[in-house]
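Counting from 1, the numbers follow the sequence of the chain as shown.
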Amino acid sequence: MILRYLFVAAFALGAVAAPSESQIVLQHDRKYAKNGLVWTEGAVRMNHIQVIGSHNSYHIEAPKAERDLQSTFASGAIDLQYSHSALDVQLEHLHVRNLEIDVLADPDGGMFSQPLIRRLAGLGVPNDPALKQKGTKVLHIPDVDYHTSCSTLVSCLRIIKGWMDAHPDSVPLPIMMEFKTAEKLGERLGGAKVVPWNTELLDIVDDEIRSVFGASQLLVPDDVRRDGLTLEESILKHGWPDLDSARGEDILFDG
């Protein structure tokens, strides 16, 4: 079974001009503003909308030579036989507004550059230089189901940012990130090693997010957290900011 360590929800948003510091008002929480975000009594909040999304949004079906071997390593291998359009195509033409990507740590580079199932199928080494570089990778099951429309986290986020820059009035775009590791069986057979997530590796993910989205585009926990409350308590008690306050520039929620 794939190890699942953490889920991060990211929001790319289009928004109206944020209020200035002089416009910040707090009156029994009827209207409250912080860091350019607004909470207004009775307003439509970020969590009030419903959208259509895709799961494993990056996923591309393996070629037949690999599909014939997948059942050896994965139960229900038939469920791996599907492909999604590129991320920007999903956003532009399929009106998808919720993306999900799986991320794996590759601090030294090359960890996923020679998938075991590809070698067993006699298909040689993938022609993707990005797989040999250091940085977080995006794929479904190492050594078994690895084909993707964007092989690194940075490349996936750049595609999303490009679409959001061209559509500043879009509704908030939730992006789910699932943190995975390789399989111990694959490691024993000579495939990718199991690299557990730790604080250092999570910091790399944070740096990669910030390399794509500037500081003005980031919505971080402290933007939502109220004084004296945890992030969870703040949201449960006060809810998310107004939807309209999150329009005007793209913002990523880094949680």
Student: Can you list the steps and then say if H59 with H84 is a ring pair (Phe, Tyr, Trp, His ring centres under 6.0 Å)?
Tutor: CA-CA 6 Å; H59 191 271; H84 284 303; 7.3 Å; no

Student: If you take all heavy atoms of G110 and S113, which pair is closest and at what distance?
Tutor: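 G110 and S113 have their closest heavy atoms at O-OG, 2.9 Å.
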
Student: I need the minimum non-hydrogen distance between G53 and V96, along with the two atoms involved.
Tutor: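 Scanning both residues, the minimum pair turns out to be CA-CG1, 3.9 Å.
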
Student: Could you walk me through whether V195 and T181 pass side chain to side chain contact (heavy atoms under 4.5 Å, CB included), step by step?
Tutor: CA-CA 6 Å; V195 181; T181 75; 6.0 Å; no

Student: Given 3.5 Å as the limit, does a donor-acceptor pair link the side chain of K180 with the main chain of H140, or not?
Tutor: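 Such a contact is found between K180 side chain and H140 backbone.
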
Student: Nearest 0.5 angstrom please: I209 CD1 to K161 NZ, how far?
Tutor: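 Taking CD1 in I209 and NZ in K161, the distance rounds to 13.5 Å.
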
Student: Have Q90 and H95 got a donor and an acceptor in their side chains that come within less than 3.5 Å?
Tutor: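 Absent: no donor and acceptor within the cut-off.
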
Student: Would you kindly confirm whether L80 and L185 end up in one hydrophobic cluster when ILVMFWY residues are joined by side chain heavy atoms under 4.5 Å apart?
Tutor: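 Per the 4.5 Å side-chain linkage, L80 and L185 are co-clustered.
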
Student: Using a 3.5 Å distance criterion without hydrogens, assess whether the side chain of H48 forms a donor-acceptor pair with backbone atoms of V44.
Tutor: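 Side chain of H48 to backbone of V44, a donor-acceptor pair under 3.5 Å: no, none is there.
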
Student: Does S170 reach the side chain of R97, with side-chain heavy atoms less than 4.5 Å apart?
Tutor: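 In short, these two side chains touch, coming nearer than 4.5 Å.
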
Student: Group every Ile, Leu, Val, Met, Phe, Trp and Tyr by side-chain heavy-atom contacts under 4.5 Å, then state whether I101 and F213 land in the same group.
Tutor: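 Yes, because I101 and F213 connect within a single hydrophobic cluster, where side-chain heavy atoms sit under 4.5 Å apart.
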
Student: Between R226 and Y32, is NZ or CZ placed under 6.0 angstrom from the six-membered ring centre and within 45° of the ring axis?
Tutor: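 Yes, cation above the ring, under 6.0 Å and within 45°.
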
Student: Distance check, rounded to the nearest 0.5 Å: I175 atom CD1 versus S57 atom OG?
Tutor: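 Interatomic distance, I175 CD1 to S57 OG, rounded to 0.5 Å: 9.5 Å.
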
Student: With distance as the sole test, does W197 use its side chain to make a donor-acceptor pair with the main-chain N or O of L202 at under 3.5 Å?
Tutor: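 Pair absent, no side-chain N/O of W197 close to backbone of L202.
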
Student: Distance from S54 atom OG to M176 atom CE, nearest 0.5 Å?
Tutor: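 The CE atom of M176 is 12.5 Å from OG of S54, to the nearest 0.5 Å.
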
Student: Considering non-hydrogen atoms only, spot the tightest contact between V138 and C150 and give its length.
Tutor: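 Reported closest heavy-atom pair: CB-O, 3.6 Å.
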
Student: Do D128 and Y146 have side chains that approach each other closer than 4.5 Å (heavy atoms only, starting at C-beta)?
Tutor: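 Result no, sub-4.5 Å side-chain heavy-atom pair not found.
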
Student: Looking only at side chains, do T136 and E208 share a donor and an acceptor under 3.5 Å apart?
Tutor: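 Yes, because at least one side-chain N or O of T136 sits under 3.5 Å from a partner of the opposite role on E208.
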
Student: Do you know which two heavy atoms are closest between P196 and L201, and how far apart they sit?
Tutor: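 Taking P196 first and L201 second, the nearest heavy atoms are O-CD1, 3.3 Å.
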
Student: Are the side chains of D102 and Y58 in touch, meaning some heavy atoms are under 4.5 Å apart?
Tutor: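 The answer is yes; the side chains approach within 4.5 Å.
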
Student: Within the structure provided, determine whether D143 and F73 are in side-chain contact (heavy-atom separation under 4.5 Å).
Tutor: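 They are not in contact (no side-chain heavy atoms under 4.5 Å apart), so the answer is no.
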
Student: With heavy-atom distances below 4.5 Å as the criterion, would you say the side chains of E100 and E178 are in contact?
Tutor: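 Heavy-atom side-chain distance check passes, below 4.5 Å.
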
Student: Do any N or O atoms from the side chain of W39 and from the backbone of G239 form a donor-acceptor pair under 3.5 angstrom?
Tutor: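 Yes, W39 side chain to G239 backbone: donor-acceptor pair under 3.5 Å.
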
Student: Determine whether L87 and E92 make a side-chain contact, defined as any pair of heavy atoms from C-beta on separated by less than 4.5 Å.
Tutor: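 SC-SC contact between L87 and E92 ruled out.
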
Student: Are L131 and V194 co-members of a hydrophobic cluster defined by side-chain heavy atoms under 4.5 Å apart?
Tutor: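 Result: no, two separate clusters.
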
Student: Do E66 and H147 have a side chain donor and acceptor closer than 3.5 Å?
Tutor: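 Judged by distance alone, the side chains do pair up.
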
Student: Please tell me if the side chains of L91 and L173 come closer than 4.5 Å, counting only heavy atoms from C-beta onward.
Tutor: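 Side chain of L91 against side chain of L173, heavy atoms only: contact under 4.5 Å found.
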
Student: Say whether I204 and M111 are linked into one hydrophobic cluster, either directly or through other cluster members, by side-chain heavy-atom distances under 4.5 angstrom.
Tutor: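 They do share one cluster, since a chain of ILVMFWY contacts under 4.5 Å joins I204 to M111.
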
Student: Where is the tightest heavy-atom contact between P126 and P115, given as atom of each residue plus distance?
Tutor: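 Smallest heavy-atom distance, with atoms named: CG-CD, 3.6 Å.
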
Student: Judged by atom type as modelled, is there a donor-acceptor pair below 3.5 Å linking the side chain of T152 to the main-chain atoms of S155?
Tutor: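 Yes, T152 side chain to S155 backbone: donor-acceptor pair under 3.5 Å.
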
Student: With a cut-off of 6.0 Å (strictly less than), are more than 12 heavy atoms of other residues, nucleotides or ligands near CG of L94?
Tutor: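 Yes, the 6.0 Å shell around CG holds more than 12 heavy atoms from other groups.
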
Student: Identify whether the distance between the nearest side-chain nitrogen and carboxylate oxygen of R67 and E61 falls below 4.0 Å.
Tutor: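 Salt bridge present between R67 and E61.
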
Student: Check the surroundings of atom CD1 in I52: do more than 12 heavy atoms from other residues, nucleotides or ligands lie under 6.0 Å from it?
Tutor: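 Open: at most 12 neighbouring heavy atoms sit under 6.0 Å from CD1 of I52.
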
Student: Would you say K31 and T40 are linked by a side-chain donor-acceptor pair, where the criterion is simply a distance under 3.5 Å?
Tutor: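 Yes, side-chain donor-acceptor contact under 3.5 Å.
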
Student: Work out which heavy atom in S71 is nearest to a heavy atom in D68; give both atom names and the distance.
Tutor: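 Looking at all heavy atoms of both residues, the closest pair is OG-O, 4.1 Å.
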
Student: Under a 4.5 Å cut-off applied to non-hydrogen side-chain atoms, are P241 and M46 in contact?
Tutor: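 A side-chain contact exists here, since the closest heavy-atom pair is under 4.5 Å.
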
Student: In Å and rounded to the nearest 0.5 Å, what is the CD1 to CG distance from I159 to L99?
Tutor: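 The distance works out to 10.5 Å.
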
Student: I would like to know whether S151 and T148 meet side-chain hydrogen bond (donor to acceptor under 3.5 Å, both in side chains); could you show each step before the answer?
Tutor: CA-CA 6 Å; S151 55; T148 173; over 6 Å; no

Student: Is K34 reaching over with its side chain to a backbone N or O of R225, donor-acceptor style, under 3.5 angstrom?
Tutor: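 Yes; judged by distance alone, with no hydrogens or angles, the pair exists.
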
Student: Hey, could you give me the CZ/CG distance between F112 and L104, rounded to the nearest 0.5 Å?
Tutor: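 Answer for the CZ-CG pair, F112 versus L104, is 4.5 Å.
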
Student: Can you list the residues that meet the side chain to side chain contact (heavy atoms under 4.5 Å, CB included) rule with L69, with sequence neighbours excluded?
Tutor: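 Once residues adjacent in sequence are excluded, the partners of L69 under the side chain to side chain contact (heavy atoms under 4.5 Å, CB included) criterion are I117, L120, A121.
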
Student: Should the pair D242-R45 be classified as a salt bridge under the 4.0 Å nitrogen-to-oxygen rule?
Tutor: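 The answer is yes: the pair qualifies as a salt bridge.
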
Student: Going through the distances and angles, do L139 and D145 end up as a side chain to side chain contact (heavy atoms under 4.5 Å, CB included)?
Tutor: CA-CA 7 Å; L139 65 152; D145 188 37; over 6 Å; no

Student: In Å and rounded to the nearest 0.5 Å, what is the CG to OG distance from N56 to S83?
Tutor: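 Result: 11.5 Å between the selected atoms.
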
Student: Is there a chain of hydrophobic side chains (I, L, V, M, F, W, Y, each step under 4.5 Å between heavy atoms) that links L116 to I60?
Tutor: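 Result: no, two separate clusters.
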
Student: Indicate yes or no for a side-chain donor-acceptor contact from R119 to the backbone of Q114 under 3.5 Å, with no hydrogens or angles considered.
Tutor: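 Yes, R119 side chain to Q114 backbone: donor-acceptor pair under 3.5 Å.
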
